[in-house]
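Below is one structure, written out as structure tokens; the observations come after it.
Quick note on labels: first sequence line is chain A, next is B, and so on, each numbered from 1. Bear in mind that the values here come from a model prediction, so they are computed numbers and not experimental data.
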Amino acid sequence: MSSLKINGKKLLEIGYPQSPVFRIAMDVIEKHYGHYTEEEAIALLTKVLADPAAYADDAILGEIAQELLVPAAPAVIALRETPVPYSVYGESYIEEGAVKQLNNAVRLPVAVAGSLMPDAHQGYGLPIGGVLAADNAVIPYGVGVDIGCRMCLSVLDLPVQTLLMNETSYTKQLMTFTKFGAGAEWKKREADPVLERSEFKEIKFVRNLFDKAAGQLGTSGSGNHFVEWGIATITDPQNEWQLAPGEYVALLSHSGSRGMGAQIAGHYTQLAKEICPLPEHAKHLAYLDLDTEEGQEYWLAMNLAGDYASACHHLIHKRLINAMGATLLARVENHHNFAWKEMYQGKEVIVHRKGATPAGKGVLGIIPGSMTAPGFIVRGKGEEGSLQSASHGAGRLMSRTKAKSSITNEVLKQQLLEHGVTLIGGGLDEAPGAYKNIDTVMAAQTALVEVIGQFVPKVVRMADGGPPED
DNA sequence: ATGTGC
């Protein structure tokens, strides 16, 4: 018995789509029509392609026909040749990969304007430190994997000397009331209004995340997340709280929406990629139209994740402030991975900030440095060029892998010693040397924010160093 | 970033 094998090129010539049907057609011919000549087989396949419905119930050819009846994948959406306007702050400090990514983003059909912050570096889709305004559409990876990743600073009434002279109780409470690590959960759960939200009932995908969210409330996760005690210095006499300029004990935290947000990000970006196929080099920028059910659902889920991240910070701060018997004097907090409905040139747009601090006129924010470098309390200037945004930190100088291979434990220890910083947990990938100089970054954005105070870390807790290399 | 896979 001879066994006929159909050439893929022939299938293309007669108009077969490059889909699973290719493989199926080849297999069916080889298995059932091995005695045919190539001409006969091609004639048969041509007839099936011309009218697949007529063959749908055929015992043998039905397999091919049914695959042909599957609706074709939507055509790839082309990027525009001409970008919309975009600005770059601190261009000389920004790696090429980040600029290339923004260049794709400002060519999306829904793009309105873009901006790159001075701490920008390459990410997935939109770069970290990237800002993009879109027309009635939301890009899940324009928000990022950690939806609602944010900062929270509490300025307290504790005497500064208590932290500088004896940090024992600060360290002890940090160990008791913070929890780090991927998947970390508290054994004893706390009630919180965010867990009562109707989205947990109304959105099917979100419903399944409730248990994880309830267990992880008030935890910090891993990576660059931290909770730290330090000294805040208020420098602006005209500050919003009428605090006397000077030094205060303060608590600073950095974390996001934990597993819940990560699952939401993953689910809706997958959905976006199916609905909105973009060219390969821009595929992670897939967006959801806000007038669609999927877009609406993501918007609600994203906002829930943002509020959940906020609740996590508030619980951490409440527990630590209570444990120290302190009173809250001032608080500054902001998301830096999120999307907002804002006005731009008289029109409502969706502003994505992925690793960028909102900096509308008079809006307060906190931009952290590193575990040994100061962070800054800032007041936005409402600069339209940056879409009313600023950097979200110093930005990475080295990738995690590069930091782990080029920074030593001795160097890190020496830096901590020099700055009088106690580090609990943490890995070399988060060492100060892995980050850009925060002063340089701040100098590149004087048009975007004014500094009204700073924060110097003293006792820092992070997740233990990353998992062992494979 | 997340606890588990182009």
Side-chain angles (χ1 to χ4, degrees), chain A residues 20 23 98 101 119-130 139-152 178-187 205-206 208-227 253-270 272-274 277 280-281 283-284 286 298 301-302 304-306 308-310 312-313 316 335-339 352-356 368 392-393 395-396 398-401 403-404 425-430 434-435 461-470:
Chain A
R23 185 78 255 152
Q101 288 186 317
D119 62 337
H121 51 101
Q122 201 171 332
Y124 259 114
L126 200 61
I128 320 298
I139 305 161
Y141 268 9
V143 169
V145 176
D146 191 5
I147 299 171
C149 187
R150 72 200 315 271
M151 305 300 304
C152 182
T178 67
K179 204 166 194 66
F180 283 83
E185 293 197 16
W186 287 109
K187 280 198 184 108
F205 182 77
V206 172
N208 298 324
L209 304 174
F210 178 82
D211 196 62
K212 187 193 280 280
Q216 294 187 334
L217 189 76
T219 62
S220 298
S222 61
N224 56 6
H225 291 172
F226 60 76
V227 181
S253 53
H254 175 214
S255 54
S257 51
R258 310 287 289 103
M260 182 182 87
Q263 298 251 324
I264 291 171
H267 175 72
Y268 288 96
T269 199
Q270 181 60 38
K273 281 180 189 166
E274 285 165 20
E280 182 63 25
H281 63 287
K283 65 179 180 184
H284 296 300
Y298 174 76
M302 176 196 77
L304 175 68
Y308 173 80
S310 177
C312 285
H313 283 262
I316 294 165
H335 287 329
H336 53 219
N337 280 13
F338 211 63
H352 303 75
R353 293 190 182 88
K354 185 187 197 179
H392 81 312
R396 276 198 170 275
M398 296 178 191
S399 68
R400 292 185 181 279
T401 24
K404 279 190 246 185
L428 292 173
D429 47 344
E430 290 300 327
Y435 285 89
R461 188 174 184 200
M462 304 188 80
D464 293 331
E469 301 289 325
D470 284 337

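Look at NE2 on A:His225: it is 6 Å from P on B:dT2, rounded to the nearest Å. The CD-P distance, from A:Gln270 to B:dC6, rounds to 10 Å in whole Å. For the pair A:Met302 CE and B:dA1 P, the computed distance is 19 Å after rounding to whole Å. With rounding to whole Å, A:Glu280 atom CD is found 15 Å from B:dC6 atom P. Atom CD of A:Glu185 and atom C1' of B:dT2 are 13 Å apart (whole Å). We find that OH of A:Tyr141 is positioned 10 Å from C1' of B:dA1, with the value rounded to whole Å. Nucleotide B:dA1 holds its P atom 16 Å from the CG atom of A:Asp464, rounded to whole Å. Taking atom CG of residue A:Leu209 and atom P of nucleotide B:dA1, one finds them 20 Å apart after rounding to whole Å.
Residue contacts for A:Ala262: at a heavy-atom cut-off of 4.0 Å it reaches the sugar-phosphate backbone alone, with no base atom in range. In this structure, A:Gly256 reaches neither bases nor backbone, as no heavy-atom distance under 4.0 Å exists between it and the strands shown. Residue-level contact check: A:Lys212 touches the backbone only, with heavy atoms under 4.0 Å from sugar-phosphate atoms and none from bases.
Between A:Asn224 and B:dA1 there is a side-chain polar atom (N or O) within less than 4.0 angstrom of OP1 or OP2. Distances shown here put every side-chain N or O of A:Ser222 at or beyond 4.0 Å from the OP1 or OP2 atom of B:dG3. Of the side-chain N and O atoms in A:Arg258, none sit less than 4.0 angstrom from OP1 or OP2 of B:dA1. Proximity of A:Gln216 to the phosphate of B:dG3: a side-chain N or O atom is located under 4.0 Å from OP1 or OP2.
Side-chain atoms of A:His392 and A:His335 include no donor-acceptor pair closer than 3.5 Å.
For A:Asp429 (side chain) and A:Lys404 (main-chain N/O), no donor-acceptor pair under 3.5 Å exists by modelled atom type.
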Could you check A:Asn224 against A:Tyr435 for side chain to side chain contact (heavy atoms under 4.5 Å, CB included), going step by step and ending with a plain yes or no?
CA-CA 11 Å; A:Asn224 56 6; A:Tyr435 285 89; 3.7 Å; yes
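Under the 4.5 Å side-chain criterion, counting only non-hydrogen atoms from C-beta, A:Pro140 is in contact with A:Tyr298.
Rounded to the nearest 0.5 angstrom, A:Leu217 CG and A:Lys212 NZ are separated by 14.0 Å.
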